[in-house]
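There's a structure below that I have some questions on.
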Amino acid sequence: MQKECLLETRNITKKFPGVLANDKICIEIKKGEIHTLLGENGAGKSTLMNILYGLYQPQEGQIFFDGREVKIESPHKALELGIGMIHQHFMLIPNLTVLENVILGLPSAKPPLLELDKVRSDVKAIFDKYKFEVDLDAKVRDISVGAQQRVEIVKALYRKVQLLILDEPTAVLTPQESTELFKILRSLKEDGNSIIFISHKIEEVMEISDRITILRDGKVVKTVMKTETTREDLARLMVGRPIAMKLEKPEAKPGEVLLELIDVNMIDAKGKQLLSDISLQVRAGEIVGVAGVDGNGQDELAFALSGLRKISSGSIKIKGQEIKEKNPKEIINMGLSHIPADRIKHGMVKEFTIAENLIVHKHNQKPISNWGVLNLRNIAYYAKKLISGYDIRTPGPSVLAANLSGGNQQKVVLAKEFDRTPEILVVVQPTRGLDIGAREYVHEELLRQRRRGVAILLISTDLEEVRALSDRLAVMYKGTIVGIVDPADTKVEKIGLMMAGIAS
Amino acid sequence: MGINESLVITWAMMSVRMTTPILFAALGGLLTSRTGVFNLALEGMMLSGAFFGYYGALTSGSPWMGLLVALLIGILLGLLFAYFSVTLNVNQVITSIGINTVALGLTSYFSRVLLTDSDVIVAPTFKDIVIPGLSDLPIIGPIVFSHSILVYLSILILIIVNWFLFKTTNGLNLRAIGEDATACKTVGINVALYRYLAIIACGALASIGGAYITTVAVNRFLENIVEGRGWIAFAAIIFGRNMPLGVFGACLLFGAATALQMLLQVQGFKIPYRFALMIPYVVTMLTIALIAKKEQIGKVDA
Amino acid sequence: MGWNQSGYEALMQLKDEGFEVSYQENVDQSQVKDVLRNYAADGYNLVIGHDLFFTDPVIEVAPEFPDTMFGISGGAKSASNVASVTGTNWESAYLTGAFAGALAGIYITGLPPQLHVIVVLLVSFLAGALWALIAGVLKVSLGVSEIINTIMLVYVANLLVDHFIDGPLAEPGGVISQTAAIADSARLPIIVNGTRLHFGFIIALLITVLVYFIIWRTSLGYQLRMAGLNPEAARFAGMNNKALVLISVLISGGIAGIGGSIETMGSLYRLTPGFSGGYGFDAIGAVVLGKSTPLGLTIASLLFSVIRVGAGAMQRNLGVPFPLVNVIQGLIIIFIVGGSYLSRKLEILTGRRY
């Protein structure tokens, strides 16, 4: 059946300083289809969607909606046309109720007064139609991530959108919540709505899409029907070369226990249990992975280990020594290194030069400084050594860290931490936002540290990553470890259920 | 009637009057802070209102004219602040420093240039309204029903601000902007427009607050006459936790501290007058330290 | 007597006495009745006071070094960026530093000149640092924003210092309220004969160099910069941010204190109520303009000094009132800073550099 076209872009081009984010993009979205944009980070998916939603203006190109050429100069205009977008980070106001969030920005039935009764019955009707529900009077900050996403969907439907754009909607969901979401999306499609689904996960793309457009380096590579393609094809189109799905990983030779957690609990000031009864051991020369959906206590765990947050009870031991009362500096000096999830916010100073970032653990030691006075020549020498040792691509050590690519920034972080020859590594989301090449580099570096006999705790929401690298895999749900499995012979489905707190 | 009793009533009455200028400015500042803009130029805006309100009243012979002039100046300063902080996206602290410095210089300059040759420097003021019956009530009468029109206006604006923020769609939008402006843009709210209007309203209100000082409290202008009230108003917004009634309470407290300072001087208590003058500033510091301490309990050691 | 009337009378009494007092804190209390007539003249006196050190455009920049001083203290503070708005701390640290320095200059006697000068500098450094520490400690221990506190402290410091100048420490037998003059041994020598350029200028330059060195060439400066630019990353790297904030507050407050006492030792020789003239506030503007680098600060400070000098000359020769200084400085801040934002915005919009 040949369906009618709802939206078409012709030669959309968007340049940012130094980057060609979208290069003559042409796509066609039909009425009543789920159309996936597949591509790696930086392929230009989000830029294109932000153009369709009126957040960016393209330098060239035309957009046709429902047969007419349109200029989408603001989100307001997009919504008027019937285009809604659900961002990766939800655009909800945490301190307002669900209902208030639904009507935010809309005119009232009896201006200027707030009018909520009619809205309430309209929203209830939407719930009935698509068979899902959210508590309308709860504050958004109190409901689960899955429920917040449903609020975003209701928000769009209440505004009568015909085209819904979802930017990596499953990134924050458990596999089971994703299944829920897909059900809702399919019933939206049945109703004649169009959906643009943005993702870089091939599995789910094959599950939900009707058609798939692959983007790479800001260009459209190809548009294919789901029924006429395979996972391998998609992977090849996406990265432009066949990718090795398996890492070379020698057998682990675990040594003594370097890091040990016994019944660790963390309770915040409001009495919320952030970590409960966590017990875990990491031995020299092994990688223990921690899997879980974002926000299930992984950050708190990493912070507790590096002394950035105090635990309420239990015990954390490094080489048999209690660190509960120690401050971050003391813990660092005991041989623990923390590669933080947010490398720009926590791992470096982007206004500093590469050299300045590299000396962060050595600034008060000889030969970097003498009697508190920095030795600039030695600093430059040291920086050059690390730059070549860790393959940091830069013209020189005095380049600002902000001017490096994400991959090279991560190399700076790894270099300054690894050069301390730590005995314990707490690594969080080490490849988030990196391209394939940099990702491989980071993985190899971690394996190298493992060979060196470092005890590594790898916390990541990227299930593929933790499964590939870990020798043992702990699954976290709501601040507790629901189980520790051998990643080599445990099915993804089983891990998924554990992540959702259903299995253990 | 006992002397102490009448003293307390006088204090209460003075407190209400000293609260008014702070309340005007704080309500304005509350509106901007609800849109996520921190207006540290309240002091400069009040000072401008104080001078131009006074000068308008002096030259026209009517305090109403003074109020109108102050209102226009406030709107103008609001526009300036909004242009720099919203349109040009200049750091709000820097913009505030600039405006405060200019206001201090300009009002002092004008007061020397425009007022030196003038024999008449006492401007007409707003008179207290006597409400037959009510004003004669014991205790309540002097405290509540014997003030100038501006005192009642400030309460009216308090009620309007509260109603606007929590009962109207625009109020909802405004509150949402302060929490997450990007989210508001995605649902089509014109964030810049809201901020402009809030800042302009803030300029107008702060300016009227300043004009109150010269057209009600004293009938003349002196250099730097606002003496930190703009900053105290900002403290009141923090202390009142961004809620209109909370801000009102905080303003009352600071107004009472100012009134106490004045009473101590008049009653000839044996403390040096400069120490009495310190009271409002010290009270302000203590209260914001207190609220910080309270919030600390609910804070993680992040 | 009715309630209303007693209230009204109390109010009238306040209007007649209390209010003027509160608004004219710099004027001796005995003059209260004359306040109305005097207040314009009071401003005039202030201008004359300034005029004393604005005798000759060529030599005038130098005595105005307090601006430079503040620029430097701003450098210590804002180059570390630990809390760049703490600028308002300097005004009160300047006051307390000047005050303590003057006390040491007046009441410590019998020291050889070099030693006496050093003692005065140390005392004023300590006083400025300790005063600045009030807001610093409040921020670090309770998390109180320093913006309001430092402003409140300016008013408190002003009142406190004026109280002492006017009362307990007033010159015995003096007619106008001022302290006794500092001992000859505590006065800074003039370094160019026939001018008012005194040794304080050299001290200012030395401190500039020292601050530059600390910030860019030492491990301490490295930590201050890191904690200022990205406190979270500093915490992750094991640094103690709270200690770093306090250190920077101490240094900048102390230097501001020295700035205050140099002014006394080099040109005023005694304190009079309201002696500050707002140098500390100028410093904030200088920091903003100088973009937080010591060199930029020095240049911006000189610029502001020149404006002050020029305003003094304009007042003298053309009768243009002195507060115009503030107007010009404020406009410069707004337009230069606003202008640079504008050009950056244009750059982003058009992809071209302006």
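Order of the sequence lines sets the chain letters (A, B, ...), proteins ahead of strands, with each chain counted from 1.
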Which answer fits Leu79(A), side chain, backbone, both or neither, if we ask what part of it has an atom under 4.5 Å from a heavy atom of chain B? side chain
What part of Lys155(A) gets closer than 4.5 Å to chain B, counting heavy atoms only: side chain, backbone, both or neither? side chain
Give a yes or no on whether Lys324(A) atom NZ has more than 12 heavy-atom contacts from other residues, nucleotides or ligands under 6.0 Å away. yes
His89(A) portion near chain B, given a 4.5 angstrom heavy-atom threshold: neither
Between Pro75(A) and Gly188(B), what is the shortest heavy-atom contact and its length? CB-N, 4.5 Å
Please classify the contact between Ile103(A) and chain B as side chain, backbone, both or neither, with a heavy-atom cut-off of under 4.5 Å. side chain
Among Met91(A), His76(A), Glu115(A), who wins on heavy-atom pairs under 4.5 Å with chain B? Met91(A)
What is the minimum heavy-atom distance between Ile93(A) and Ala183(B), and which atoms define it? CD1-CB, 4.1 Å
Positive for side chain to side chain contact (heavy atoms under 4.5 Å, CB included) with Leu172(B), one of Leu114(A), Asn101(A), Leu106(A): Leu114(A)
Kindly check if the number of other-residue, nucleotide or ligand heavy atoms within 6.0 Å of NZ (Lys77(A)) is above 12? yes
Closest non-hydrogen atom pair between Ser108(A) and Thr169(B), with its separation: CB-CG2, 3.4 Å
If you look only at pairs with a residue in residues 171-184 of chain B, which of them pass as a side chain to side chain donor-acceptor pair (under 3.5 Å), with sequence neighbours excluded? Asn95(A)-Glu179(B), Asn173(B)-Tyr194(B)
Considering only heavy atoms, which portion of Phe166(B) lies under 4.5 Å from any heavy atom of chain A: side chain, backbone, both, or neither? backbone
Suppose we screen for side-chain hydrogen bond (donor to acceptor under 3.5 Å, both in side chains). Which residues come up paired with Lys345(A), at least two apart in sequence or across chains? none
Considering only heavy atoms from C-beta outward, does the side chain of Leu104(A) approach that of Cys184(B) to under 4.5 Å? yes
